Each structure stands twice: as structure tokens, then as C-alpha cells.
Amino acid sequence: MENIILTGDRPTGQLHLGHYVGSLRNRVLMQEDPDNKLFIMIADMQALTDNAKNPEKVSSNVLQVALDYLAVGLDPKRSTLFIQSQIPELAELTMYYLNLVSVGRVRRNPTVKSEIEQKKFGESVPAGFFIYPISQASDITAFKATLVPVGEDQKPMLEQTQEVVQSFNHTYGEVLVEPKGVFPEKGQGRLPGIDGNGKMSKSLGNGIYLADSADILAKKVMSMYTDPNHIHVEDPGQVEGNMVFTYLDVFGTDKEKIAELKDHYRHGGLGDVKIKRYLIDVLEAEFGPIRARREEYAKNPEAIMHMLKEGSEKAQAVAAETLSEVKQAMGINYFA
Ligand code: TRP
């Protein structure tokens, strides 16, 4: 059976190794299966819900995110890559869905709740931000997505979408498809930052980006948090919570060698610089080719924008079909 898969990213910055581990590499794998039809959305409309005064930050990153997509191997011939704001049908669907959801229900969304606290919005939370989970329900249902691969923090969005689908279908008739969330397995899909403080994130400034040069990547690895008590080479060192070993576990392919290095480090006599050099080699093996592809694509931004335009047109045709069914079911397709 065919899977329709929809997922996306807010274009508020370049994508980093955390995105790669948490979602990008999985998308590329899913793309290999001819039964999977992927829609990958650059969620600029959603990014604007808390960047309204700074639209340049969002618009300038659309191309950056597209470059990251292409560099890791998302293929516009097999997957539809598109820009959310270019599909007005999504905004239109949102208007109808909003009427099926109470303010109280929106207020209970735990992810939005903690984001409002984090950003210290209080009562001045932008209304568009407050209701972005409903807009996300439009993103998902417009394509009749069956699977939505996302991070753990997106669970409430999936639940809210499922409720919108149930309510819509119950009220107006069976039009929408209930999606399933696909979440990372326990302990997977969450890469800590190079400082070891929580997950890799732009706001924490602890990321390695797909676009980082070999030089910057090496510098970042050299500054990685290891074991603060491992001062002299001879000192026994700790592997747990040591970012170099954490990253080796995630990206290394020679598991035997990594086990040996851990053993040596624990017993003492293995310096941080040595293991960091090894990690740089490991990361270069995986991300060197990605960086090279990204640089190639970046030479021709017009071609990338053209690809996004074509993807957006394809996506719009699908969304328009769903919107037409929605209006038909609601009895507001007056001129059809
Ligand atoms: N909220 C998602 C994030 O921050 C991005 C997103 C927008 C999305 N619309 C979506 C993800 C629809 C999946 C489906 O990562």
C-alpha cells in the first residue's frame, strides 16, 4: 500500500547534524521505497508566526534549507519539495478547521504551552503562533498524509490533527485522512550539542551545520565537551557524557575500533586531541560529500528556486483537490 508522507522544517536557520540524525537521513531512506510518496515542506508560514517583525530571517533561510535537503540526498524527482506560503489552500483550510477547535483545547497543547513560556510571550503571544497546530493540521490533511515523521515534541500536533480530522469527518462526512505520527525510537534521533548541554540547537549555539566548512567542523570538534576531569593524558577518562564518544557512537562505523578507544580512554593514556582527530575523520567521511554537494548546488540558486516553484505547483494541485472536497462536504462550493 502506498504511504503518503508529509513532513517539514521551519526555515529559521541552516540545518545541523541534529536535524540530520533526527530526521533528514530517515527521509532519504524512506524516499528509497517506491511505495512512499514524500512531501517535504519548508514551513515559512509557520516560522513567521513568531518572526512576523523579522520576515527576512525566514525568507532568506528558505534557500538554505532547500540546499540542505538536496545536499543530504532528497531528490526532487522522487519527492515533492515545496514552500508552505506558496500554497494558499493551506491557509484557507486552516480557517475552516479553526471553527472545529476550542480556544481551551488550543491552550492545552503542551508544546505550544512550553514554547509560550520559553519565549516569555504571556498574553502577548501572537494569535497566529497560538493556533499554529491547527495550521499544521492543514499541512498534513491537505495532502491526505498517512504518515508524519517528526520529533517527540510534535506529538501534540499529531493528536490535534487527528482530532480535527475526526471532528471534520463526523460533522461534514468522510473527506479527511487520519495521519499516524512516526517518532524516533527511544534514545534515537536526539543528538546533544557539542557543549553537552541539551540537544543541538541554533538558539543554544552548540551546533555543527551541514554547511560548515571542513575547517569550522574541525574547530568545533576540537572545542567539544569531553571529560573535565581528564586533565593529563595518563588520567583515566570518562566516556559517558563525553561528547566525542557520544558522537562516535552515533556516526562511527568501525564499532570495534570505537570499543577499543573507549577502553583505552577509560584506563588512561589516550588524549582528547587524538580522539577528536579520529572523530573529525569520521564526520568528514559522512559530511564531506554532503558539504561538497551543497557547495555545488549553491552555485546555482536560480535552479534551486525553480525546483521549489515546480514542487510548490505540484503540491498546490494536491491541496486544491482536497480543499475542493472540503468545500463540497461543507456545502460551500457555490459555483462548482
Ligand atoms: N512544527 C514543525 C517543526 O517545528 C514543522 C512543521 C510545520 C511540520 N508543519 C508541519 C512538521 C507538518 C510535520 C508536518 O519541526
Side-chain angles (χ1 to χ4, degrees), residues 3-16 18-24 26-27 30 36-51 57-58 61-62 64-66 68-69 74 79-91 93-94 97 106 109-116 118-119 126 128-165 176-184 189-191 199-203 207 311-312 315 318-319 322:
N3 299 309
I4 301 178
I5 300 170
L6 179 123
T7 189
D9 303 278
R10 296 183 190 198
T12 52
Q14 291 174 341
L15 303 182
H16 50 56
H19 295 114
Y20 182 78
V21 170
S23 59
L24 295 174
N26 186 38
R27 292 179 198 173
M30 290 188 301
N36 290 338
K37 203 167 159 197
L38 270 72
F39 289 91
I40 314 282
M41 180 180 70
I42 303 182
D44 60 338
M45 208 154 56
Q46 186 174 109
L48 283 165
T49 62
D50 60 341
N51 287 290
K57 173 175 166 190
V58 175
N61 277 306
V62 167
Q64 296 304 315
V65 169
D68 289 330
Y69 284 170
L74 289 173
S79 301
T80 306
L81 311 183
F82 69 99
I83 309 178
Q84 185 185 28
S85 63
Q86 303 310 296
I87 322 294
E89 285 79 0
L90 298 178
L93 284 173
T94 303
Y97 294 169
V106 181
N109 185 306
T111 298
V112 176
K113 223 170 158 174
S114 72
E115 283 174 319
I116 290 174
Q118 252 171 42
K119 296 171 198 279
F129 183 84
F130 185 60
I131 59 101
Y132 88 72
I134 313 305
S135 144
Q136 201 159 325
S138 304
D139 302 337
I140 294 167
T141 56
F143 301 95
K144 302 202 169 153
T146 53
L147 301 177
V148 182
V150 279
E152 204 61 35
D153 64 324
Q154 299 292 304
K155 228 172 212 166
M157 313 311 167
L158 260 298
E159 282 164 17
Q160 196 132 38
T161 300
Q162 287 156 352
E163 285 172 35
V164 165
V165 170
L176 303 179
V177 173
E178 210 175 302
K180 266 211 231 13
V182 184
F183 304 99
R190 211 185 139 94
L191 186 71
K199 73 171 181 183
M200 185 173 285
S201 88
K202 188 177 151 63
S203 51
S312 299
V318 178
T322 303

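Predicted, not measured: the structure shown is a model, and the values here were computed from it. Just follow the structure's listing: the first ligand is 1, and inside any ligand the first atom is 1. We use all heavy atoms of the structure for the numbers below, so side chains are in, but hydrogens, waters and symmetry mates are not.
Ligand-side atoms of ligand 1 in range of Val150: 11 (C), 13 (C), range being under 4.0 angstrom from any heavy atom. With ligand atoms numbered from 1 in the order given, ligand 1 contributes 7 (C), 9 (N), 10 (C) to contacts under 4.0 Å with heavy atoms of Met41. Atoms of ligand 1 lying under 4.0 Å from at least one heavy atom of Ala43, given by number and element, are 7 (C). Numbered from 1 in the order shown, with element, the atoms of ligand 1 that lie under 4.0 Å from a heavy atom of Asp139 read 7 (C), 9 (N), 10 (C), 12 (C). Contact atoms of ligand 1 toward Leu6: 12 (C), 14 (C) (distance under 4.0 Å to a heavy atom of the residue). Heavy-atom proximity to Val148, at under 4.0 Å, picks out these atoms of ligand 1: 13 (C), 14 (C).
Between Thr7 and ligand 1, not a single N/O pair is under 3.5 Å apart. Residue contacts with ligand 1: Asp9 is placed with no nitrogen or oxygen under 3.5 Å of a nitrogen or oxygen of the ligand (distance criterion only). Remark: ligand 1 and Gln46 share an N or O pair separated by less than 3.5 Å (distance only, no angle test).
Atom 2 (C) of ligand 1 has its closest protein heavy atom at Gln154 OE1, 3.4 Å. Looking only at protein heavy atoms, the nearest one to atom 4 (O) of ligand 1 is Arg10 NE, 3.4 Å. Looking only at heavy atoms of the protein, atom 12 (C) of ligand 1 is closest to Gln136 CG, 3.4 Å.
Under the 3.5 Å distance criterion, with hydrogens and angles disregarded, no donor-acceptor pair is assigned to the side chains of Gln162 and Glu178. For the 3.5 Å distance criterion, the side chains of Asp44 and Ser85 qualify, holding a donor opposite an acceptor.
Across all their heavy atoms, Leu90 and Met45 have their closest contact at CB-CE, 4.2 Å. Pairing each heavy atom of Gly207 with each of Met200, the nearest pair is CA-CG, 3.5 Å.
Legend: residues meeting side chain to side chain contact (heavy atoms under 4.5 Å, CB included) with Lys180, ordered by chain and number and at least two apart, are Leu147. Listed by chain and residue number, Pro11, Leu15, Ile42, Tyr69 satisfy the side chain to side chain contact (heavy atoms under 4.5 Å, CB included) test with Val65 (two or more places apart in sequence, or in another chain).
The aromatic rings of Phe143 and Phe82 sit tilted relative to each other, their planes meeting at an angle between 30° and 60°.
If you look at Gln84 next to ligand 1, there are no close heavy atoms at all, none under 4.0 Å. For Met157, no heavy-atom contact with ligand 1 is shorter than 4.0 Å.
Between the side chain of Ser79 and the backbone N or O of Leu74, no donor-acceptor pair lies under 3.5 Å.
Within a 6.0 Å radius of NZ in Lys113, no more than 12 heavy atoms belonging to other residues, nucleotides or ligands are found.
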